[in-house]
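Structure first, then comments.
One-based numbering along the sequence shown. Only heavy atoms go into these numbers, but all of them, side chains included; no hydrogens, no water, no symmetry mates.
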Amino acid sequence: MIRKIFYKALYLIRLWLDVLMRQEVLFYIVLVVLMIPNVILAITEPLTPLERVSSIVFPLSCYYLIFTLSRRLGWSIWLLCPMSLLAGFQVVLLYIYGKSVVATDMFLNMVTTDAKESKELLGSIIMILSVVIILYITPLVLATVSLVKNKKLKRTFIRQNRSVAFAVAFVGVSLLWMCYAASDAYSVKTGVYPINACYNMYKAVSRHDMLKNYKATSRDFKFNASSSHSAQQREIYVVVIGETSRACNWELYGYDRSTNPLLKQVKDLVVFDSVLTESNITHKTVPMLISSASAVDYDKIYYQKSLITAFKEAGFMTAFFSNQAHTEALIDNFALEADKMQYLKDRSKDINFNPLDSELVKLTQQVINDGANKQLVVLHTYGSHYNYAARYPQDMAYFKPDSPVSPQKEFLPKLKNAYDNSIRYTDKVIYDLITMLDSVENAHTSLLYVSDHGEELFDDDREVIFHSSTTPSYYQVHVPMLVWLSQGYREAYPNIQASLMANRHEQVSSSASFFHTILNVAGIETTYRDDSYSVASKAYVERPRIYLNDHYVAVPLLSLDMSDNNIKMLSNF
């Protein structure tokens, strides 16, 4: 019985392949498959009706004309191989985020994301990857077979379809002309796929070139920094950069689950409740956090150094420890500025090696034990990045069940439990660091924490998970930010604690304020420090909410194409 079913299946597959190998059938099938992203984007993107139609008709005419160049269809299909691969990438991103063309940052993520992180993500979307492979790789295989077997389209078929293709092209060009006539803001390089995707790829290459040249362009930069604090007084400052931690899942921010059982017991902990990041992508947010660059002047980041250098110039011993992997992101160049540097993942070549953030606490203790009089430690955690259940030891899984955590809505309760467990573990890491700093005798110590961005967890009818989408949301940009000062520090500089308390309910941009706040707290004097951005200063000034978009342009946050619910929530911040 099983053998009969097997042979029947083989027979049906062969019949289907025989149909596909008919060049006329393959011609139309590949044409339709290539147009899938255009049809979806015409529905999801904020376009006018005229722009929607032109975004389909014009690309269709281009593909159509290319397919009629030769009777050897196999050559035409292979000529469009780059578009097939791009279309597959686009379909995967549409599956994850529900909208938007492949962004500049998404291309950059391909070279700034470590292999383990990529493996975790790809393993979670295996079904859509399988569909994409079938849709876009199978035609290339069939094209190869067609070339080997010397299959050709009929001359009459080519002539007829070429005439149709020219007619469609005329309509497509006419529609584009009307789009330009209807709006001065319209541009084919941003409004028509795959032209906009290719333009974004060009922008990504340009940004990557700037990144590769960073060492040369920043080589001679100096803060000319000095310390205004007593040279004899021992000082230790710990800067903790969180990962993918959204404020609305912190108990300190009113969440109804016990995700901060330890930090809520810490006296004099200053919690900033209205902090938004200016980007939802790590390779942009983290460099802004520890440099003087922000969304409004981001490009200066390629010519300056980080706060690590400012502290070094002021006489501090500096350390940078990371629980993330080496990539080609700017943060790795900043890390090189430190006197001591270690990436936990460098301890093993095993791609599955998964150190926990608590290892960063141990490294910090070692630095403190060195006994240097002035110390800065920057910690880059892995926080709450997917796979959430891998971010904490299983014996600390408080919310259960927390697995499996495949990123699908049907697993939302488990995903939520795993994510909240990761927040709870971050709570322990920060608490342990504060306890450590509080125990150092005769020292002024401080800890500053902020997350780089938040995360989506199927929170609304958009049914989106993860971050890094071209259009951000409340869940991706509202982040926790905390400051703790030791008793000795508070007594020595009461105005700093008073300013922190006074500003804790103010609107804050973490991307713009964090750098200046750290320098202010540490008493680092430099012309690059602006106290109007520091929440530790009475000179702090609120500024309009802005966002660094995919083309690295600062735009008003609420001008982005967000849902009404997200706009409503963000309007309160």
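A centroid separation of less than 6.0 Å is found between the aromatic rings of Tyr199 and His551. For Phe157 and Phe27, the ring centers are positioned less than 6.0 Å apart. Taking the six-membered ring where the residue is Trp, the centroids of His385 and His467 are separated by under 6.0 Å.
Only one option out of Phe458, Tyr388, Tyr392, Tyr255 pairs with Tyr419 in a ring-ring contact (aromatic ring centres under 6.0 Å, His included); it is Tyr388. When the options Leu457, Val464, Asp460 are evaluated for a side chain to side chain contact (heavy atoms under 4.5 Å, CB included) with Tyr475, the one that passes is Asp460.
Minimum interatomic distance between Thr381 and Gly242 (heavy atoms only, all atoms of both residues): OG1-CA, 3.4 Å.
For Cys179, the side chain to side chain contact (heavy atoms under 4.5 Å, CB included) partners two or more places apart in sequence, or in a different chain, are Leu50, Glu51, Ser54, Tyr186. Take Asp209 and apply the side chain to side chain contact (heavy atoms under 4.5 Å, CB included) test, not counting sequence neighbours, and it matches Val205, Lys212. Tyr193 meets the ring pair (Phe, Tyr, Trp, His ring centres under 6.0 Å) test with no other residue; sequence neighbours excluded.
Cation-pi geometry between Arg391 and Tyr425 is not met: the NZ or CZ atom fails to fall both under 6.0 Å from the ring centre and inside 45° of the normal.
Taking the charged nitrogens against the carboxylate oxygens, Lys414 and Asp402 have no contact shorter than 4.0 Å, which rules out a salt bridge. Here Arg207 pairs with Asp299 in a salt bridge; the nearest charged N to carboxylate O distance falls below 4.0 Å.
A side-chain N or O of Ser473 and one of Glu456 form a donor-acceptor pair less than 3.5 Å apart. Remark: the Arg424 side chain and the Asn421 side chain contain no N/O donor-acceptor pair separated by less than 3.5 Å.
Between His453 and Ser279 the shortest side-chain heavy-atom distance does not fall below 4.5 Å.
Atom OG of Ser76 and atom CG of Leu65 lie 11.0 Å apart (nearest 0.5 Å).
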